[in-house]
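Worksheet: the structure to be examined is printed underneath.
Numbering of ligands and ligand atoms starts at 1, following listing order.
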Amino acid sequence: MGGGIAAYKSCELLRRFQASGHDVTVIPTKSSLEFIGSSTWEALSGKPVTTEVFDSVHEVPHVKLGQEADLFVIAPATANLIAKLAHGLADDLLTNSVLMAQCPILVVPAMHTEMWLNPATQANVQTLRDRGIRVVDPDVGRLTGPDSGPGRLPEPQAIEIAAQVLVDGYLPDLDLHGKRVLVTGGGTRESIDPVRDIGNRSSGKQAWAIASAASVYGAKTTVIAANVELPSPVGSTVINVKSALEMADAVDEQLGEADVLVMCAAVADFRPKAPADVKIKKTSDDFVPAPIELERNPDILAAVGARPEADRPLLVGFAAETVTDEAQLIEYGLGKLTKKGADFLVANPVGKDQTFGEDSNSGLVLGPEGIVDRVEKTSKAGLANALFAACREKLSS
Ligand code: CTP
């Protein structure tokens, strides 16, 4: 990690990687130790920590670290560190190890807006991206002082999901620079009255993984999020909505720009016909609530799928089904794909303790002709990679 104030967030990132069973080695730069000292890193990682190539020379540490790692995550990456990486400088253990690395590399920048937007930094970022190093855009938000803008380090949970994209089914040759990806996620809520809703259990985690993957591969990514309580996915713009009607409007507004629409959200099919303006009260001890009359919500995916192909983005749907039998999953999935005019559809089994809110997923990626990919249980980032693998040919045409 580089020497930025955001280095404190990397302590939680380390903990998260450890909690998911990974063996983590911390390589700080000298200036990062001004913010978080080596004793903190040694205590948290349970390993000795050094910035120098000349400690433990007999083990040739930079060669060992570079060759053995499955993934390098550089977070935070300062403007100075990015410049050194872009020019292949190697004057400490981190920069030497990165030059030795044979694995994917994720760079997560954090700096003041002016430094991020400086043409020197932007040119260095481009150089790294051209070499296949995945550099995500920083978050937009509060920076070290009172200032605010692009340059903030994404939250540890968001960096962890981006890192999973480079591990579970990573697509090293996929380049989505210049593409716009629109993802919907979460579960819509339909008002009964000002304090009560009809909703569902979708957490938004699968949509977050898809948005993270799109950003890692270089796309401009927008997520339309219904009631999702997760930190923004890396490099993505988040538009918050509550109900199906709000989501339909947001999709309409964003669609013109999109090359792909992934409808991952659990959209309520029905809404109360006449939501009460004030809280529904029990007016007596034997009060019996009136039945709630429902009306249909628009089908967002089907409406986009009904457009002529030239006038719509590539279209991916999801079908969460409570089935145990694969034949039925395929039948339901293909039925929805055809009826709604999607190009691909991910059919996945859901149920008690399965998929909703979990960090893993499984399913079938379907195309009009049938199964394109059978995805065994993997992280939600792994499923996102399978989805982009299925779409890549159509996306590049
Ligand atoms: N979908 C949508 N608008 C709706 C309902 C669903 O755009 N009003 C999208 C979902 O985002 C998903 C796909 O359609 O991509 C399938 O959603 P699902 O709820 O599985 O299917 P439904 O058509 O609602 O069918 P059913 O509830 O009868 O299984």
Side-chain angles (χ1 to χ4, degrees), residues 181-191 197-211 214 222-228 239 241-255 258 260-273 294-307 312-351 354-356 361-368 372 375 380 383-384 386-388 390-391:
V181 176
L182 182 60
V183 186
T184 67
T188 64
R189 288 187 195 155
E190 312 299 322
S191 295
D197 300 319
I198 298 175
N200 63 69
R201 294 185 198 149
S202 176
S203 65
K205 284 185 178 176
Q206 184 58 67
W208 254 229
I210 294 165
T222 302
V223 196
I224 300 174
N227 313 296
V228 179
I239 298 172
V241 297
K242 183 184 166 202
S243 65
L245 286 179
E246 284 176 24
M247 178 167 280
D249 285 348
V251 169
D252 252 10
E253 269 169 36
Q254 299 296 321
L255 198 63
V260 198
L261 167 63
V262 184
M263 279 298 304
C264 189
V267 186
D269 290 316
F270 302 94
R271 64 176 181 274
K273 194 167 183 181
L294 300 175
E295 66 182 339
R296 282 296 290 269
N297 269 327
D299 191 312
I300 304 170
L301 178 61
V304 181
R307 294 184 181 199
R312 65 160 175 85
L314 190 73
L315 204 49
V316 183
F318 268 74
E321 305 288 357
T322 49
V323 293
T324 43
D325 158 348
E326 188 179 277
Q328 208 177 26
L329 186 62
I330 297 171
E331 187 193 323
Y332 286 163
L334 281 180
K336 284 182 188 176
L337 180 144
T338 312
K339 195 168 143 215
K340 301 192 184 211
D343 299 289
F344 296 100
L345 185 131
V346 181
N348 58 345
V350 293
Q354 211 179 350
T355 301
F356 282 151
N361 208 347
S362 64
L364 301 173
V365 183
L366 303 172
V372 177
V375 188
K380 288 188 170 173
L383 188 69
L387 187 157
F388 283 111
C391 294

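- Those atoms of ligand 1 with a heavy atom of Pro298 less than 4.0 angstrom away are 3 (N), 4 (C), 8 (N).
- For Ala244, no heavy-atom contact with ligand 1 is shorter than 4.0 Å.
- Although no hydrogens or angles enter the test, the distance criterion places a donor-acceptor pair under 3.5 Å between the side chain of Arg271 and the main chain of Arg296.
- Under 4.0 angstrom from ligand 1, the non-hydrogen atoms of Asp299 come from both its backbone and its side chain.
- For the atom pair SG of Cys391 and CG of Leu315, the computed distance is 10.0 Å after rounding to the nearest 0.5 Å.
- Each of Asn227, Thr188, Asp197 was scored for a side-chain hydrogen bond (donor to acceptor under 3.5 Å, both in side chains) with Lys242, with one residue passing: Asp197.
- Atoms CD1 and CG, on Ile300 and Leu261 in that order, are 9.0 Å from each other to the nearest 0.5 Å.
- Side-chain atoms of Asp343 do not come within 3.5 Å of backbone N or O of Leu314 as any donor-acceptor pair.
- If you number the atoms of ligand 1 from 1 as listed, the ones under 4.0 Å from a heavy atom of Asp269 come out as 4 (C), 5 (C), 8 (N), 24 (O), 27 (O).
- Scanning the protein heavy atoms around atom 7 (O) of ligand 1, the nearest turns out to be Leu301 N, 2.8 Å.
- Distance from atom 20 (O) of ligand 1 to its nearest protein heavy atom, with residue and atom name: Lys336 NZ, 2.7 Å.
- Scanning all protein heavy atoms for the shortest distance to atom 17 (O) of ligand 1 gives Phe318 O, 3.6 Å.
- The protein atom (non-hydrogen) at minimum distance from atom 14 (O) of ligand 1 is Lys340 NZ, 2.9 Å.
- Heavy-atom contacts of Ala265 reach the following atoms of ligand 1: 10 (C), 11 (O) (cutoff under 4.0 Å).
- Near Met263, meaning under 4.0 Å from any of its heavy atoms, are these atoms of ligand 1: 7 (O), 11 (O), 12 (C), 15 (O).
- Those atoms of ligand 1 that come under 4.0 Å of a heavy atom in Ala319, given as number and element, are 20 (O).
- Looking only at distances, a side-chain donor or acceptor of Gln206 sits under 3.5 Å from a matching main-chain atom of Lys380.
- At least one donor-acceptor pair closer than 3.5 Å links the side chain of Asn200 to the backbone N or O of Ala266.
- Listed by number with element, the atoms of ligand 1 under 4.0 angstrom from any heavy atom of Ile300 are 2 (C), 3 (N), 7 (O).
- Interface atoms of ligand 1 facing Gly317, defined by a heavy-atom separation under 4.0 Å, are 15 (O).
- Here the side chain of Thr184 pairs no donor or acceptor atom with the backbone of Ile224 at under 3.5 angstrom.
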